[in-house]
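I have placed the structure first, in the form of structure tokens, so that the comments after it can refer back to it.
Lettering of chains follows the sequences in order, A, B, ..., and the numbering in each one begins at 1.
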2 protein chains.
Amino acid sequence: MSQASNRLEKRDQLISTAFSLFYRYGIHAVGINQVIDAAGVAKRTLYHHFESKEALIAATLAYRDQQFRTWLEARIEQAPPGEGALLAVFDALNDWFNERDEAIMPFHGCFFINTCAEYTDPQNVHHKQCQAHKRLVGEMLLRHAYQVNAERADELSQELVFLKEGAIVQAHVMAAPQAALVAKGMAKRLLQSYAT
Amino acid sequence: MSQASNRLEKRDQLISTAFSLFYRYGIHAVGINQVIDAAGVAKRTLYHHFESKEALIAATLAYRDQQFRTWLEARIEQAPPGEGALLAVFDALNDWFNERDEAIMPFHGCFFINTCAEYTDPQNVHHKQCQAHKRLVGEMLLRHAYQVNAERADELSQELVFLKEGAIVQAHVMAAPQAALVAKGMAKRLLQSYAT
DNA sequence: CTGGATGTATACCGGTCTGTCTACTTTGGT
DNA sequence: ACCAAAGTAGACAGACCGGTATACATCCAG
């Protein structure tokens, strides 16, 4: 057993526990005491690793950003490049919504949209961090859109983002896990109109 | 001066004040004391009209549901029926995002999406109330979609809802008020493919 | 003209919030 | 073997939470 890392893992333990609680119950609704109890860690330890709750929130957003983009990138790479890759996004969403992919379970909406809902001011630190995440995901789609239609890649990827966000909201708010399939159908027709 | 209604208006005053605060800062972030201070009302008065904060939240959601649907309905009715009405939705969104319509200012995202983000469990009372609102808005679109393509009205309205939700999220999270125009462009092409 | 509904102001209750502090233990690299 | 880093448990501070209680004022309908 790696005792050495056991110590250093406390930080990650706190982050992943905080993420699970924030994601499920919302950030304001979860107190620091809940986090440390669930993580099985002393309060002092939390404040050893993080200056404040704000810092923990920032770390949680960074953690999820990494996890989510790594997951989506992997799902896309398994598909054929170009159109296949872009449609694979919606298959990935489908598995996410239906909690069929362990790597990204469970589903309680988009953590970043949810966080922006709690910090509605676009100038807010956390809101900005969510924007940065969405920008990176958008750029990911853009790279693949480039394979489909280089001249209109910006347009195409932007429109696909709309379908993606719409699907996530619909799946969460309406508890409609089939939303990804509707969005995929729309995406297919969109791709046809962009085919070169 | 109508002193009689002055009394009865306190309830509405509380609701509209609570809405403004909840909408801007999130529900969990706003305390009951903030609400009564902003409304200029005694705490006893709040608890005379509402059993609890939960009850105030419910009333706030009902108030916004009414306000929003009345506003959107009016905006749609001003446009020619059928396609015009459906496209008018996106013009309305455009004015909302850009805070050009006093009747619906300001813009901090969709109150119902935001509330679902704070109460992620679809079984939660408030989450369900948000679903009900979205269902009513969806039915509103459905009625107009029926004028465009009676056989495929369900499909069409559902797809327009995706564009609408996508636009709202994009406008809020990315602070991109032009999102409504992108969505309108997509909607136009969608309507072409549904034209009878 | 009186009584009940609605309002005011303010103190209070028990609990929880973030964050600090004390005092002690475990661990691992040098 | 030793010391700094990282950990533990838990009390504490001061603010704020939702909600109740007390005591009194205003208003209007029967």
Report the residues that fulfil side-chain contact (heavy atoms from CB on, under 4.5 Å) with A/Y47, sequence neighbours left out, ordered by chain and then residue number. A/I32, A/K43
Rounded to whole Å, CZ of B/R11 lies from P of C/dG7 at a distance of 11 Å
Distance, rounded to the nearest Å, where B/I36 contributes CD1 and C/dA11 contributes P: 13 Å
I need the CD-C1' distance between A/E54 and C/dG19, as an integer number of Å. 13 Å
To the nearest angstrom, the OH-P distance between B/Y47 and C/dT10 comes to 19 Å
Side-chain polar contacts of residues 51-58 of chain A - donor-acceptor pairs under 3.5 angstrom, sequence neighbours left out - could you list them?
residue: A/S52; atom: OG; partner: A/E54; partner atom: N; Å: 3.4
residue: A/S52; atom: OG; partner: A/A55; partner atom: N; Å: 3.4
residue: A/K53; atom: NZ; partner: A/I27; partner atom: O; Å: 3.1
residue: A/K53; atom: NZ; partner: A/V30; partner atom: O; Å: 2.9
residue: A/E54; atom: OE1; partner: A/H126; partner atom: NE2; Å: 3.3

So ring-ring contact (aromatic ring centres under 6.0 Å, His included) across residues 177-196 of chain A, not counting sequence neighbours, yields none
In whole angstrom, give the distance that lies between atom CG of A/L46 and atom P of C/dC17. 14 Å
For B/A79, which residues count as a side-chain contact (heavy atoms from CB on, under 4.5 Å) partner, sequence neighbours excluded? B/A88
Partners of A/Q78 by side-chain contact (heavy atoms from CB on, under 4.5 Å), sequence neighbours excluded? A/R75
B/H28: what forms a side chain to side chain donor-acceptor pair (under 3.5 Å) with it, not counting sequence neighbours? B/E118
Between B/N114 (side chain only) and B/H108 (backbone N and O only), is there a donor and an acceptor less than 3.5 Å apart? yes
In whole Å, what is the span from the CD atom of A/Q34 to the P atom of C/dG15? 17 Å
From the options C/dC17, D/dG19, C/dG7, select the nucleotide whose nearest atom is closest to the side chain of B/H48. C/dG7
Quickly work out the B/E9 CD to C/dT6 C1' distance and round it to whole Å. 14 Å
I'd like a table of atom pairs between the protein and nucleotides 8-11 of chain D - only N or O on both sides, under 3.5 Å - with the distance next to each one.
residue: D/dT8; atom: OP1; partner: A/K10; partner atom: NZ; Å: 3.4
residue: D/dT8; atom: OP2; partner: A/A42; partner atom: N; Å: 3.0
residue: D/dT8; atom: OP2; partner: A/T45; partner atom: OG1; Å: 2.3

Can you sort out the partners of A/R24 under side chain to side chain donor-acceptor pair (under 3.5 Å), two or more places apart, ordered by chain and number? none
Can you list the residues that meet the side-chain contact (heavy atoms from CB on, under 4.5 Å) rule with B/E102, with sequence neighbours excluded? B/M105
Out of D/dG18, D/dG7, C/dT18, which nucleotide sits closest to the side chain of A/H49? D/dG7
Can you sort out which residues in residues 19-33 of chain B have a heavy atom within less than 4.0 Å of DNA chain D? Ascending by number, please. B/V30, B/G31, B/I32, B/N33
In whole angstrom, what separates B/D12's CG from C/dT6's C1'? 14 Å
Provide the full list of ring-ring contact (aromatic ring centres under 6.0 Å, His included) pairs with a residue in residues 138-174 of chain B, sequence neighbours left out, each pair given once. A/H127-B/H172
When you measure from the side chain of B/Y23 to the backbone N and O of B/G109, does any donor-acceptor pair fall under 3.5 Å? yes
Under a 4.0 Å heavy-atom cutoff, the residues of residues 56-63 of chain B touching DNA chain D are none
